[in-house]
Asks: 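For reference, the structure I am asking about is given below.
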Amino acid sequence: MRRQYPFHLIEPKWQQFWEKEQTFRAWNPGEKIPQGHPFAQRHGLENKKADANSLPPKFYILDMFPYPSGAGLHVGHPEGYTATDILARYRRAKGFNVLHPMGWDAFGLPAEQYAIKTGQHPRKTTEENIANFKRQIKSLGFSYDWSREVDTTDPKYFKWTQWIFLKLYNSWFNPETNKAETMETLRFPPKQNMTEADKRAYRDSQRLAYVAEAPVNWCEELGTVLANEEVIDGKSDVGGFPVVRKPMRQWMLRITAYAERLLNDLEGIDWSHSLKEMQRNWLGRSEGAEIAFEVRHNTFDSKEREFFHDTHWLTVFTTRPDTLFGATYMVLAPEHKILSQITTPKQKEAVEDYKSFVSGKSDLERTELAKEKTGVFTGAYALNPVNGERIPIWIADYVLASYGTGAIMAVPAHDTRDYEFATKFNLPILQVVQPPNPKTDWRGFVDEGISVNSSGPEISITGLPTTEAKKKITDWLEAKSLGKKTINYKLRDWLFSRQRYWGEPFPIVWKRDQDGKLFHEAVPEHLLPVRPPNLDDYKPTSDGRPPLARATDWVKLANHVERETNTMPQWAGSCWYYLRYLDSQNSARPWNNLVEKYWMGTLEPRLPESNQEIDKEIKRVVDAAIFSPRHSRRTAIIGRVPKAVAAMAFQVSGLNIEDYFFRLDSYGVRHAFLQHKVEAFEKPRGQRALAAEDFYKLPAVYAAPDHIEDGGINQLGRRVLRFHKRINGIAIVAEEVLTGIKCLALQTMFVRETAGDELQPARDTAIGVSLSTADTDRSEEKFISKNSPVNQPTLGVDLYVGGTEHAVLHLLYARFWHKVLFDLGYVSTPEPFFKLVNQGLILGEMEFYIFRDKNGERVSAAGIVDIEDAAETLVGKEKVTGAKVVAHKIDASEVEKRGAFFCWKNPDLDIRVDFRCFKMSKSRGNVVNPDDVMGEYGADAFRLYEMFMGPLEMVKPWNTKGVEGVYRFLGRVWRLFVDEKSETEFEQAESTTEAQTHRELLEKIQLSAAIKDVPASPSQLKALHACIKKVTEDLDALRFNTAISALMVFVNDAISWETKPVSGLRDFLILLAPFAPHLSEEVWQKLQNPRHPQSVSLSYHPWPEFDPAVLIEDTLEIPVQVNGKLRDRLRVAAGATREQLEAASLASEKIKFFLEGKAVKKIVIVPMRLVNIVLE
RNA sequence: GCCGGUGUGGCGAAAUGGCAGACGCACAGGACUUAAAAUCCUGGGACCGUAAAAAGUCGUGUGGGUUCGAGUCCCACCACCGGCACCA
């Protein structure tokens, strides 16, 4: 494609300019901003030291930093980076102090494996890769503050990773305060005569970082152990090598202590629904009961009596205590400790055989081959506590030693797995739950119903619904000390050590006490960082000894003290990098506290300036009232003011806010509401609808807007809203305190009754979006939208963008570390990432496949079924014959569109072709290299295209033709501004001069003569302000694709203007700049002052204000429908009344035709929008 | 199996319950050109019409429902994508 504009000169020019001028430096409280910096000019900070109060509000916008692989950047990286860069530039223009950093997550296996192969030090590989990544990222013109760059493999960085590890090492989790505390607060158990060794052992057992001998995931090929999160289907996440369970001594982090908080705090952060679900899933909370079963030896015959000296107790975990009467056998995990004590001699051999059979299986076999249940009887029996029934105890590998108590009570009638097992081994199946639908088979029915056959001598739950039955039986068990309510999590402690070279060494040494017993101790903080030794051989050893152990000089310290030779996993460095960015040059501390508070938004918030007219006192109280923001992307949550806070607020202000509700919008702006009315609606099936009084018991309400009808004007002259639909749930009519805007929220979520008095919303069943406001009063609507992106900081990182692949690894670990640091007082927010967005995957370009049968004849895809993706090709079956066919990729030029299909270009066009997109992969050869795209179309076009493809979160296929489309658009922008003749001269000069002077030749290019310093015409203003409105709103909502289309619409219009008013075009450039910064800067410079080409960057120029007044039309085109079908359009005056609209509609000739001979039943008129005539 | 997400032209997509398909790609026709590229203009969901129009009918995965009006809200289902998967 012909070059549209000289991006090859413009882009490097501005990248160098920004770097030289430090245009995108983010300023910390206490820093002095250099003279003349546009940020200082904009915010009045010249010659001043910027303290936290004089700095504008912060905006922290973060990318997931990349692992610098040898392959270089792929097109997925710039997708997220472009989105964040656009927002960073937008926020800068809006007046924020924007923190937008970049760095390298550089520890990792590929560099180490390359080292093993070639002997090249991983540091060298890493440095080369970083250099290449940096070059590529810089060529995209992102506005990163490179002065804050971090590299996890830099000793200056991992010094603090080790420092945080020591914080974990020197802390324990206090269950009473539900938080981590330093070891000083740990009390020893009240036991006499604890020796120093006892005390040490106790302390070590309580640390957040501890050593455990546990069965771990050992990967032979990688020569290292792996975390649960790194094992997928029994294979290593990296490389896909088999993983086996093997007991080893390893470092663990006590993440399980935080399971509850990691789960609960998800509610307060703005992450996508699916991502939160993934985390919830991984945490795997389940509520149930532990029940103790007695295993009594006198239940066996006298000959065996001597083998059983005690009564044993076996505890099981179940989520369905209500099915206890249906427990017909028990199952233990083969690894269960009690096994040796209860197995009868007769069964001993069988049990031992089974145990060795199971231990020989890999994890993969244990899960994949588990379709058929296996197990053996132990010979022992337990007593069912409710009725004294003797139930046999089995062992089977479908019960996991690591979850719950490693033992279950099997209720085959109401558990799928137990049912399979019982069927195979002919164990009794006893119904204890009756399904609600009598036609449902009770066998294998696992849902809730009514308890049956559940009566014993002391307790009966027969006839109770499941929820009540659970509660009653649990209470009874608790009273008898036979059981208790329990919560279990699937989450396991984090296996934190790796047998690798290329990772952070542990700041730990091993010593021996007087008795020769080995113990560990922290390396003192002042000796950090502990650097890894130099090695010649990086290979792991097959016995699990880490490669660091080879460096004996490094390992062995004086007095027989030895270093820990394991290294930390790759995730360690990424657990806290977002904190190091805040203060990356600080060599004394990981970060400064004030700086952390400023960037994480915990300093005193400032009031939005635009709200000056609002009663400040109320605002202050409102600010004080909410300290725990709870909202998510789609759902605004209204919270009630806690009583204590309300009382406090009353003392301060005399204002009673107890009846207020608060809602945080997606910008963190607080809206207070006064409730007017609550109504309950139709009773839903199976569950009971909320009643008005229930509302007061709810801790939070998910609000959902639905049908709102205009209910006329009330005494105050305000529109009243009415809803008349039947809705299952409740409706709240409320008025926003600050603005007086009436809101209506329909609450269509149902509640389940729980045991206590408290009602809990059924999780995430809210269907709606947010409170909606009356759309009848336009000035109120304006008020809302104007105030939405307000200057109000949010807690933590304001926006974090990255791929889904880190949903449970990085994001869970980082939240965990952050919470520990929060507990210990090093950070000020409980969560690190306030809002998080996952970018969607970019697939390869569309590919065409033509099928051939076994004779090589081409066959139409129309007759092919069961098409599957088989390594690099497609296979399918012929529908008629069932014969196998294989597809071959063909070029797009061999294909012709025919109706809804693509056909092979033979004369008949009768052979249909299959078309689809695949994930980009080296082996398929469909990887798009960003360097190539940028070389051909430039960085601006590349950025623009990645954003124009579709919504950020969606999976979308790459299409090079699409890049050409946006490239053409940029060319049109260029031609909108420049004089064609001067450009031709430039091109001629460029082709005949030395390359070095090319950039100066840019100055040859003149502005178009059509650009004049004249006021814009009304229609020009209209086009501009429509664009301002759309781009601003879309950027706030992260809708980049539609923002770009608005820019295109403007340019399509403006290009035909005879005179182009310079002020309007300047505003347009500000709008375009976040998307295409290089082109915008270049044109801006020409526009500003052609005689002083080195004028200041447009990056800090204020974002244009949208003026709704210019968009008001004199006349409108109103569609007229008859029975909901469009029949005519009328042009009417904008202020036309209902009566005028009705008369005009009925007068229309076209409408008359449709009304002929029919009676008009009703006429629906929506002023300014539409008329609908309903006939009988 | 469980959980979550998504289904709209040939393709990427857009639409506070109110004119479905903005914007872009691909395509077709035209202008400019010796020609091509680039650029500019025009067209466009399908069907039925017609010399060409106009008018009309059907259209947002399927089937129901609510509503004057549904891509959008409710119920049931189907397909695809992603995650988890013997977690009691």
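Being a predicted model, the structure only gives us computed values, none of them experimental. Just so we're on the same page: letters track the sequence lines, and every chain starts at 1.
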Asks: Assess A:Lys373 against A:Tyr398: is NZ or CZ under 6.0 Å from the centre of the six-membered ring, and within 45 degrees of the ring's axis?
Replies: yes
Asks: Across all strands, who's sitting opposite B:G69 as a Watson-Crick or G-U wobble pair, both distances under 3.5 Å?
Replies: none
Asks: Ring-plane angle category for A:Phe1050 and A:Trp1057, please: parallel below 30°, perpendicular beyond 60°, tilted otherwise.
Replies: perpendicular
Asks: Taking for each residue the nucleotide of RNA chain B bearing the nearest heavy atom, is the 5' side occupied by A:Asn1041 or by A:Pro1119?
Replies: A:Asn1041
Asks: Give none if B:G43 has no partner; otherwise give the nucleotide forming a Watson-Crick or G-U wobble pair with it, both distances under 3.5 Å.
Replies: B:C27
Asks: So which nucleotide from B:C19, B:A13, B:U16 ends up closest to the side chain of A:Arg1169?
Replies: B:U16
Asks: Given B:A88, is OP1 or OP2 found less than 4.0 Å from the side-chain N or O atoms of A:Tyr398?
Replies: no
Asks: Using the C1' atom as the reference point in each nucleotide, state the distance between B:U34 and B:C48 in Å, no decimals.
Replies: 45 Å
Asks: Between B:G83 and B:G29, how far is it from one C1' atom to the other, in whole Å?
Replies: 50 Å
Asks: Considering only atom C1', compute the distance from B:A51 to B:U66 and round it to an integer number of Å.
Replies: 48 Å
Asks: Taking atom C1' in both B:A85 and B:C73, compute the distance separating them and give it to the nearest angstrom.
Replies: 34 Å
Asks: Using Watson-Crick or G-U wobble geometry with both distances below 3.5 Å, tell me the partner of B:A54, or none.
Replies: none
Asks: Looking at A:Arg3, I'd like to know whether one of its side-chain N or O atoms comes within less than 4.0 Å of OP1 or OP2 on B:A37.
Replies: no
Asks: Taking only the C1' atom of each, what is the distance from B:U8 to B:U62 in whole angstrom?
Replies: 15 Å
Asks: Go through it in stages, so that I can follow the logic: the residues are A:Asp1034 and A:Thr1042, the test is side-chain hydrogen bond (donor to acceptor under 3.5 Å, both in side chains), and I'd like the CA-CA distance, side-chain angles, deciding distance and then a yes or no.
Replies: CA-CA 7 Å; A:Asp1034 284 351; A:Thr1042 49; 2.8 Å; yes
Asks: Do the rings of A:Tyr945 and A:Trp958 sit parallel, tilted or perpendicular, given the 30° and 60° boundaries?
Replies: perpendicular
Asks: Going by modelled atom types, is there a donor-acceptor pair between the base of B:G18 and the side chain of A:Gln1121 at under 3.5 Å?
Replies: yes
Asks: Quick check for you: among B:G12, B:A26, B:A88, whose closest atom lies nearest to any side-chain atom of A:Phe948?
Replies: B:G12
Asks: Is the base of B:G12 syn or anti, where syn means the angle lies within 90° of 0?
Replies: anti
Asks: Searching all strands shown, indicate the nucleotide that pairs with B:C80 (Watson-Crick or G-U wobble; both distances under 3.5 Å).
Replies: B:G5
Asks: More 5' along RNA chain B: A:Gly404 or A:Thr804, using each one's nearest nucleotide?
Replies: A:Thr804
Asks: State which residue, out of A:Asn1172, A:Val1174, A:Leu1146, fulfils the side chain to side chain contact (heavy atoms under 4.5 Å, CB included) condition with A:Ile1163.
Replies: A:Leu1146
Asks: Return no unless some side-chain N or O of A:Ser286 is found under 4.0 Å from OP1 or OP2 of B:A88.
Replies: yes
Asks: Rounding to an integer number of angstrom, what distance separates B:A46 and B:G9 when you compare their C1' atoms?
Replies: 9 Å
Asks: Determine whether a donor-acceptor pair (N or O, by modelled atom type, separation under 3.5 Å) exists between the side chain of A:Asp418 and the backbone of A:Val411.
Replies: yes
Asks: Is there a donor and acceptor pair closer than 3.5 Å between the side chain of A:Asn281 and the base of B:C84?
Replies: no
Asks: For nucleotides B:A28 and B:C80, find the distance between their P atoms and express it as a whole number of Å.
Replies: 34 Å
Asks: Say we look at B:G12 and B:C27: how far apart would their C1' atoms be, to the nearest angstrom?
Replies: 16 Å
Asks: Taking OP1 and OP2 of B:C23, is either one under 4.0 Å from a side-chain nitrogen or oxygen of A:Arg972?
Replies: no
